[in-house]
There are 4 protein chains.
Amino acid sequence: MTSTRIKLAIEAGYLFQKKGYNGVGLSEILRKAGVPKGSLYHHFPNGKADLALAAADLASAEVLRIINASFDGAADYRDGVTTFCHKLAKYFDIHEGNVGCPVSATLLGGQDDDAFRDALDSIFTGWMAQIAAHAVRFGQSETQANHSARRLFLSLEGSWTLARARRDSDIMRALPDLVC
Amino acid sequence: MTSTRIKLAIEAGYLFQKKGYNGVGLSEILRKAGVPKGSLYHHFPNGKADLALAAADLASAEVLRIINASFDGAADYRDGVTTFCHKLAKYFDIHEGNVGCPVSATLLGGQDDDAFRDALDSIFTGWMAQIAAHAVRFGQSETQANHSARRLFLSLEGSWTLARARRDSDIMRALPDLVC
Amino acid sequence: MTSTRIKLAIEAGYLFQKKGYNGVGLSEILRKAGVPKGSLYHHFPNGKADLALAAADLASAEVLRIINASFDGAADYRDGVTTFCHKLAKYFDIHEGNVGCPVSATLLGGQDDDAFRDALDSIFTGWMAQIAAHAVRFGQSETQANHSARRLFLSLEGSWTLARARRDSDIMRALPDLVC
Amino acid sequence: MTSTRIKLAIEAGYLFQKKGYNGVGLSEILRKAGVPKGSLYHHFPNGKADLALAAADLASAEVLRIINASFDGAADYRDGVTTFCHKLAKYFDIHEGNVGCPVSATLLGGQDDDAFRDALDSIFTGWMAQIAAHAVRFGQSETQANHSARRLFLSLEGSWTLARARRDSDIMRALPDLVC
DNA sequence: AATGAATGAGTCTTCATTCAT
DNA sequence: CATGAATGAAGACTCATTCAT
C-alpha cells in the first residue's frame with residue numbers, strides 16, 4: 001500500500017517531467033493519483049511548491065540509484081559511463097521520448113523560487129559527487145575525477161534537451177565517445 | 001520605429017527565457033510590450049504558439065550571430081570556443097543569472113507540440129553546423145569538427161541549467177577546459 | 001435556501017430561453033444568480049454545456065407539470081388543449097413576449113453538440129407521450145392519440161416562433177381551433 | 001460572377017441557419033466567403049445585423065420560390081402541400097440534418113433587436129399569404145384558406161425543430177397527413 | 001486526517017467594430 | 001472602393017488556495 005503522500009509525489013514527478021512545473025495543474029495530479037482535492041494540503045502544507053520539491057527528491061534518489069547500479073559492477077570508469085547512459089536512454093524511450101531531466105524540468109520549469117534553485121543545485125552537486133567517487137574508485141585522481149564527473153553531467157543534461165527535440169535517445173548512447 | 005510584431009516577439013522571447021512557455025501569460029507580454037490585447041492575433045494568428053516560434057527564431061539568430069562574432073576573429077578553434085563561452089556567460093550575468101537557454105526554455109517549457117520540437121531540432125542542428133564549419137576552417141576534419149561541435153553544444157546546453165541553479169556563470173567560462 | 005446548483009440552472013434557463021445558448025455569457029448568468037465565477041465548475045464540471053442540459057431538464061419538468069395540470073381537471077381532450085395553450089400564452093406574456101420554447105432555445109441555440117440534440121429529442125418525445133396518454137384517457141385510440149399529440153406539439157412549437165416575431169401570444173390561444 | 005455583397009449574404013445565411021446568429025462570427029463568414037475583412041462595412045454599413053437581414057431576405061425569397069414551384073403544377077391543395085413538404089425535407093437532408101428554419105434561425109438566434117422581429121413577422125406573413133392564395137386557387141374560401149395556411153405554417157416551423165433534434169426529416173414528409 | 005464546496009484572479013482566445021491608408 | 005492593422009471588451013474556462021465540516 002503506497003501512502004497518499006508518496007502516490008502524489010510520484011504522479012507529480014512524472015507529470016512535471018513531461019510538462020514542466022507550470023504546465024501541470026494540481027487538479028490533473030490529484031485526478032491521476034486518485035486523491036481527493038482537500039487532501040493535498042495535509043501532506044504538503046505549502047501546496048504545489050512542496051509537492052515539486054518532494055517529487056524532485058524522489059527523482060534524484062532514483063538517479064543516484066541508477067548511477068550506483070551502473071558503476072558498481074563496471075569493469076572500468078568508461079564501462080560505468082556506458083551503462084549509465086544506456087540506462088537513461090532506455091528510461092527516456094519508455095516515456096515515449098517526451099520527458100526532460102526529471103529534476104530540472106520540475107524545479108526550473110518556470111518558477112523563480114530561490115528554494116527551488118537551491119534544491120536543484122544540491123541535487124546536481126550530489127550527482128556529480130557520486131560519479132566522481134566512482135571515478136576515484138577506478139583510479140582517477142581527485143582532480144581528474146571531478147573533471148570527469150562535471151563533463152559527464154553537463155553533456156548528459158544537454159542530452160535530455162537534444163534527445164527530446166529529436167524524439168531520439170541515440171544522442172545519449174553516443175555520450176561515452178564524447179566524454180571519455 | 002519597431003513594428004508591433006517584432007516588439008512582441010522580443011518581449012515574449014525575453015520572458016519565455018526567464019519563466020518558460022507556460023510560466024508567462026499573454027497579458028504580461030502585452031503589457032510589457034505596450035501592445036493592446038486585440039493586436040496580438042493579427043500578427044500571430046495562432047496566438048501564443050506562433051509568438052513562441054517567432055521568439056525562438058529571433059533568439060536563434062542572435063546566438064548564430066554570437067557564434068560567428070566569436071570565431072571569426074579567433075586565433076584557433078579553442079580561442080573561438082573561449083570567446084563564445086565568455087560572451088554567453090556575460091549575457092547570462094546581464095540577465096541576473098536567471099535565464100535558461102533562450103530556445104529550449106521557449107519551446108520545451110511545457111508544450112507537447114510537435115511543431116515546437118521540430119523547430120527546436122532544426123535550430124540546434126543549425127548551431128552545431130555553424131560551430132562545425134568554424135572548426136573545419138581551423139583545420140579539423142569533417143568528423144572531428146562534428147564531434148567538437150556536438151561536445152560543445154551539449155555541455156553548453158547543460159551549463160545553462162547548472163549555471164541557473166547556482167546563479168553563477170563560472171561554469172560557462174570553465175567550458176573550454178572541459179571540451180577542448 | 002436554494003442550492004447554488006439550482007439557482008444557476010434556473011437563471012441560466014431563463015436567459016437561454018430569451019437569448020439562446022450562444023447569446024448568453026456565463027458572466028451574465030453568474031452575476032444574475034449572484035454566484036461567484038469559480039463556483040460554476042464545481043457543480044457543472046463541463047461548464048456551459050452541462051448548465052444548459054440541467055436548465056433544459058428543469059424547463060422540461062415544468063412543461064410536463066403544466067400539461068398534467070391542464071388535462072387533469074379537463075372535461076374532454078379539447079378542453080385540456082385549450083387550458084394548456086392558454087397557460088403557455090400567459091407564460092409567454094409574463095416574459096414580455098420575448099422568449100422561445102425553453103428547451104429548443106437552450107439546446108438548439110447554436111450548438112452542434114450531439115448530446116444536446118439527443119436530450120432535446122427525448123424531452124420532446126416525453127411531452128408528446130404525456131399528451132397522448134391524456135388523449136387516450138379521454139377516449140381516443142392509441143393511433144388517434146399519437147396523431148393528436150404530434151399535431152399539437154408541432155403547432156405549439158411553431159407558435160413559440162410566430163408569437164415571438166409578433167410579440168403577441170394570440171396565436172397560441174387560437175391553437176385549439178387549428179388542431180382539434 | 002457573383003457580387004461580393006451576394007456572396008456574403010449567401011454564406012452568412014447558410015451559417016446562421018446552422019449555428020444561429022450568435023453562433024457565427026464575422027471572421028468565419030468572411031473567411032468562407034473569401035472576402036477581406038475591411039470590405040464588409042462597405043456593403044453592409046450596419047455590420048452583422050445588416051448581413052443577417054439580407055441573408056434572411058434571400059432565404060425567404062427561396063422559400064417563396066419553392067412554395068410556388070410546389071403548388072403551381074399541383075393537382076389539388078393537398079398535392080401541393082405534399083410536394084412542398086417533400087422538397088423541404090430533401091433540402092433538410094442535403095444539409096445533413098442539421099439546419100433550422102433559415103429565417104428564424106437567423107433572426108431569432110439570440111438577438112433582441114426589434115428590427116429583426118419585424119422583418120421576421122413580415123416574412124412569415126408573406127409565406128402564409130402565398131400559401132393561402134394557392135389554397136384559394138384550389139377552391140377554398142378565404143377563411144378556410146387562411147386557416148389552412150396557418151396550420152401548415154405552424155406545423156412546418158415546428159417540424160424544423162423536431163427534425164433537427166432527431167436528425168431525421170421524416171416528420172416533414174408526414175405533415176400532409178397531419179394538416180390536411 | 002480527511003474532504004468537497006467555495007473563491008476570484010488568472011488563462012488563452014474571439015468578438016464586432018473603427019480607422020488610416 | 002478596398003483593405004489590413006488596430007482595439008479592448010467579452011468569451012469560456014482553469015488556477016492554486018482556503019475553509020467549514
Side-chain angles (χ1 to χ4, degrees), chain A residues 3-5 12 21-31 35-52 111, chain B residues 3-5 8 21-31 34-52 110-111, chain C residues 3-5 8 21-31 34-52 110-111, chain D residues 3-5 12 21-31 35-52 111:
Chain A
S3 84
T4 294
R5 194 191 141 85
Y21 183 82
N22 278 313
V24 186
L26 287 182
S27 58
E28 188 183 3
I29 298 172
L30 262 352
R31 183 168 19 90
V35 167
K37 198 138 218 169
S39 283
L40 195 150
Y41 289 85
H42 282 286
H43 301 284
F44 301 95
N46 283 336
K48 197 181 185 183
D50 270 8
L51 190 48
Q111 186 74 347
Chain B
S3 83
T4 295
R5 196 193 140 86
L8 278 171
Y21 183 82
N22 278 314
V24 187
L26 287 181
S27 56
E28 188 183 4
I29 297 173
L30 263 352
R31 182 166 22 89
V35 166
K37 196 142 221 167
S39 284
L40 197 155
Y41 289 85
H42 248 289
H43 303 283
F44 302 96
N46 284 337
K48 198 181 185 183
D50 269 8
L51 191 48
Q111 186 75 348
Chain C
S3 84
T4 295
R5 196 191 140 86
L8 278 171
Y21 183 83
N22 278 314
V24 187
L26 287 182
S27 57
E28 187 183 3
I29 298 173
L30 262 352
R31 182 167 21 89
V35 167
K37 197 143 220 167
S39 286
L40 197 154
Y41 289 85
H42 248 290
H43 302 284
F44 302 96
N46 283 337
K48 198 181 185 183
D50 269 8
L51 191 49
Q111 185 75 348
Chain D
S3 84
T4 294
R5 194 191 141 86
Y21 183 82
N22 278 313
V24 186
L26 286 182
S27 58
E28 187 184 2
I29 297 172
L30 264 350
R31 182 168 20 89
V35 167
K37 199 140 218 168
S39 283
L40 195 151
Y41 289 85
H42 282 285
H43 301 284
F44 301 95
N46 283 336
K48 197 181 185 184
D50 270 8
L51 191 48
Q111 185 74 346

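Values in this document were obtained by computation on a predicted structure and should not be read as measured data. All values below were derived from every heavy atom in this structure, side-chain atoms included, with hydrogens, water molecules and symmetry-related copies excluded.
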(message) With heavy atoms of chain A within less than 4.0 Å as the criterion, where does contact along DNA chain F begin and end?
(response) F/dC15 to F/dT18
(request) Sequence neighbours left out, what pairs pass salt bridge (Lys or Arg N to Asp or Glu O under 4.0 Å) with at least one residue falling in residues 21-30 of chain D? (result) D/K19-D/E28, D/E28-D/K32
Would you mind writing out the side-chain donor-acceptor pairs for residues 42-51 of chain A within the sub-3.5 Å range, not counting sequence neighbours?
unit_1, atom_1, unit_2, atom_2, d
A/K48, NZ, A/Y21, O, 2.9
A/K48, NZ, A/V24, O, 2.8
A/D50, OD2, A/N46, N, 3.1

(message) Show me, range against range, the stems involving DNA chain E, built from at least 3 consecutive Watson-Crick or G-U pairs below 3.5 Å.
(response) E:2-21 with F:2-21
(message) Is the shortest side-chain heavy-atom distance between B/L8 and B/I29 below 4.5 Å?
(response) yes
Identify each atom pair where a protein N or O and an N or O of nucleotides 12-16 of chain E are less than 3.5 Å apart, giving names and distance.
unit_1, atom_1, unit_2, atom_2, d
E/dC12, OP1, B/V24, O, 3.2
E/dC12, OP1, B/K48, NZ, 2.6
E/dC12, OP2, B/L26, N, 2.6
E/dT13, OP2, B/Y41, OH, 2.7
E/dT13, OP2, B/K48, N, 3.0
E/dT13, O5', B/Y41, OH, 3.0
E/dC15, OP2, D/S27, OG, 2.9
E/dA16, OP1, D/V24, O, 3.3
E/dA16, OP1, D/K48, NZ, 2.6
E/dA16, OP2, D/L26, N, 2.7

